[in-house]
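Below: one structure, written as structure tokens.
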Amino acid sequence: MNYNFSDRINELKPSAIREILKVTQNPSVISFAAGNPSVETFPAAEMAEIAQDLFTNRAGAALQYGVTEGYTPLREITAARLRDKYSIGSPNDDLIIVSGGQQGMDLSAKAFLNENDTIICENPSFIGSLNCFRSYKANLVGVPLQFDGMDMDKLEETLKTEKNVKLIYVIPTFQNPTGRVMSLEKRKKLLELASRYDVMIIEDNPYFELRYSGEYVPAIKSLDTEGRVIYVGSYSKILSPGIRLGFVCAPKVVMGKLVVGKQVTDVHTNLFFQMLAHDFLSRYNLEEHIEKIRALYRSKRDAMISAMEKSFGEMMNFEKPDGGLFIWCGLPEEYDGAELCKISGQKGVAAVPGSSFLVNDRDVSPYVRFNFSLPTYEQIDKGISLFADALREYLGR
Ligand SMILES: Cc1ncc(COP(=O)(O)O)c(C=O)c1O
């Protein structure tokens, strides 16, 4: 049978990370490749208690169809927390629940991008979003990411020269893959440029509450006075990713379009888990829960950084992130992180080559991304030491 697939799907390649994760199915491989939270952070006992109550006392509601915008009490509790704690969201905005932050990007792309419209992305950026934008046959243009966020001069040049620029996609806080944070000055500059060139911004912010050091930097959305920011958040990293709960806060007019887009995609997000998350947030102390996650990840970050200090020496640079789940490591420009990861794979340790996150994924990158939330402390020590063996072999030292 010759299947006649669409150009849209034919042009999409399986994510390199998914391919690497296949290797990590082998239990003897130590994986720093996935971006998964630690299983220890899932509030499973509390969720079990709520689930029992939902099935016993409220099954009629929890197992019924719901509205596309989401379960109202969860929308309200989410919107109130964002507004009161972080000044995110104005009276002109609405907040809906989506099936993971990933769906927020998909709905925004669906609402704004015609074929060949331009979306500007940080380079490197989150592969799930890049693939989402590719699936709309958009023109993806990468702007280099500096230590303090997107290069604003290059962004302005791009805004001047590219046609039909509709969206700028950024992960300003603990960026995936780099862990970097966009400075406040650049956040303001980004808003100013977006306003001058009349472009919408997608602010993807799933990691900002996982801060282990340094000072909080306000969300771009909280600085927006024009209704130019679509804010995408997620419960994946602070509750659990398997429940697939994210949220979008955007101007009401924009939200109308996202909601019709969602209606034809999945009608609504899983109602049982929306109710479960709402009950968790209203019965338990989310702030204490996040504080526990932070303590765990802070210690894992520090463990991986010490292991790198000890084993990598001068061979490879690593950036100590103030939060998030990743450590971004780089070799001088002439090297190839993908070659290095191939050698490390043979030694039983997996990490993701930087090229996987490039807007043009045929480019070579001397970087490698390491995740520290999922591996155990023992795996961190052993895996980083094995990776150092791979480095010695690759660099011929
Ligand atoms: C930057 C970024 N955005 C969005 C997502 C999607 O998260 P979810 O769909 O689980 O909310 C991820 C997941 O790893 C991510 O790293």
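Both counts, for ligands and for their atoms, begin at 1 and track the order of listing. Quantities reported herein were computed from a predicted structural model and do not represent experimental measurements.
Glu288 and Lys292 are not joined by a salt bridge, as no carboxylate oxygen comes within less than 4.0 angstrom of a charged side-chain nitrogen. A salt bridge links Glu209 to Arg81: at least one charged side-chain nitrogen sits closer than 4.0 Å to a carboxylate oxygen.
Using the six-membered ring where Trp is involved, Phe387 and Phe312 have ring planes that are tilted, between 30° and 60° apart.
Cation-pi contact between Arg294 and Tyr212: absent, since separation from the ring centre below 6.0 Å together with deviation from the ring axis within 45° is not met. For Arg369 and Phe326, the positive end sits near the middle of the six-membered ring, less than 6.0 Å away and at most 45° from its axis.
The ring pair (Phe, Tyr, Trp, His ring centres under 6.0 Å) search around Tyr377 returns none, not counting sequence neighbours.
Within 4.0 Å of ligand 1, protein heavy atoms come from Gly100, Gly101, Gln102, Met105, Phe126, Ile171, Asn176, Asp204, Pro206, Tyr207, Ser234, Ser236, Lys237, Arg244.
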